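Predicted model, so just to flag it, every value in this text is computed and none were measured. Atoms within each ligand, like the ligands themselves, are counted from 1 in listed order.
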Amino acid sequence: MAFKKALIELGLEREEAVIVSGIGCHGKMINYVNVNGFHGIHGRVLPIAQGIKLANPKLTVVGFAGDADQYNEGWSHLAHAVRRNINMTLIVHNNMVLGLTTGQATSTSQPGFKSKSTPFGVIPPMLNPSAHALVSNGTFVARGFSGDMLHLKSLIVEAIKHRGFAFIDVFQPCVTFNYLNTYDWFRRRIYKLEEEGHDITDRQKALEKALEWGDRIPIGIFYKKERPIYRDNLPHVKDVNLTKLPTENIDIASTLKEMM
Ligand SMILES: Cc1ncc(C[n+]2csc(CCOP(=O)(O)OP(=O)(O)O)c2C)c(N)n1
Ligand SMILES: [Mg+2]
């Protein structure tokens, strides 16, 4: 709903947006929003979404991934997408559990979380995606909560408007399998960065805030910075829509032969 409201607020027409999802409960986004969609494979939302944006820069591209999807299988893609700074948005539905496969632990599950895959409780510490995006030179790093839909909508609007790679980690409690990190659990801890005068241009402070976890957990924009997008440094294709290039005179027979 937050995403739909963001699209309406931005006045984007259906054919101007493409969403890409991975595999998991979150992957159903493709079926819930009536824009162009590509249901990808597990962990590979970013390669697909970045490819679409590189091929056709006119499109607004938004990737939707799950926490296992992006922070387990797709973890390394995140750092490289963040530093590459292709102009797109990634929204991660972080329910801190593998939902679709019925309740195993992910890399953002809390230590001690007992699940089918961790009967004695999760042993290692959690990964911190927002801090990871900040140290990987992210230009837009934010965190939202699905229990505050209008706040989340405003984050999505700002993310899509940002010229560069925008990343939003969204706490989206799984009411079926995550008995620890529930809506109530988050509501008791969450506070908004903008209500405490956080300076979104201060990277050190952003990192300090991103590392905060326990009785108080911040949501909002941690950090925002303008930096040339990937395409700006490719003068020969900077303003070219690759999907419009002629293909009639290209002979790929020799390339195909190499692969035989
Ligand atoms: C390559 C590959 N490995 C494993 C799976 C099995 N699988 C299906 S969904 C899923 C992850 C679901 O967890 P998450 O990404 O957190 O999404 P959620 O269901 O919680 O939204 C996995 C591992 C798969 N489909 N493909
Ligand atoms: Mg999940």
**Prompt:** Do the non-hydrogen side-chain atoms of Met126 and Pro111 ever get within less than 4.5 Å of each other?
**Reply:**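 Yes - at least one pair of side-chain heavy atoms lies under 4.5 Å apart.
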
Any side-chain donor paired with an acceptor under 3.5 Å for [X] and [Y]?
X	Y	answer
Asn56	Asn241	yes
His26	Asp69	yes
Thr102	Lys116	yes
Thr106	Asp67	yes

Taking only heavy atoms of [X] into account, list the atoms of ligand 1 that are under 4.0 Å away from them.
X	answer
Cys25	18 (P), 19 (O), 21 (O)
Asp69	15 (O)
Val97	16 (O), 20 (O)
Gly99	13 (O), 18 (P), 19 (O), 20 (O)

When the ring planes of [X] and [Y] are compared, do they come out parallel, tilted or perpendicular, using 30° and 60° as the limits?
X	Y	value
Phe167	Tyr71	perpendicular
Phe3	Phe64	perpendicular
Tyr183	Phe145	tilted
Phe222	His198	perpendicular

Test of proximity, [X] against ligand 1: N or O pairs below 3.5 Å:
X	value
Leu98	no
Asn95	yes
Gly24	no

**Asked** Counting only heavy atoms, which portion of His26 has something under 4.0 Å from ligand 1: side chain, backbone, both, or neither?
**Response**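 Both backbone and side chain.
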
**Request:** For ligand 1, indicate whether the residue Thr101 contacts it via side chain, backbone, both or neither (heavy-atom separation under 4.0 Å).
**Result:** side chain

**salt bridge (charged side-chain N to carboxylate O under 4.0 Å, His left out) between Glu212 and Arg189, worked out** = CA-CA 11 Å; Glu212 197 176 357; Arg189 290 166 172 81; over 6 Å; no

**Request:** Provide the tally of protein N/O/S atoms nearer than 2.8 Å to the Mg ion (ligand 2).
**Result:** 3

**Request:** Pick, from Gln104, His42, His93, the option with the minimum heavy-atom distance to atom 4 (C) of ligand 1.
**Result:** His42

**Request:** Give the residue and atom name of whichever protein heavy atom lies nearest to atom 25 (N) of ligand 1, and the separation in Å to one decimal.
**Result:**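 Going atom by atom, the protein heavy atom closest to atom 25 (N) of ligand 1 ends up being Ile23 CG2, 3.8 Å.
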
**Request:** Do me a favour and list the nearest non-hydrogen protein atom to atom 16 (O) of ligand 1 with residue, atom name and distance?
**Result:** Asp67 OD1, 2.7 Å

**Request:** State plainly whether one hydrophobic cluster holds both Leu90 and Ile168, where clusters connect Ile, Leu, Val, Met, Phe, Trp and Tyr through side-chain heavy atoms under 4.5 angstrom apart.
**Result:**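 Leu90 and Ile168: separate clusters.
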
**Message:** Please report the interatomic distance CZ(Arg227) to CG(Asp232), rounded to the nearest 0.5 Å.
**Reply:** 11.0 Å

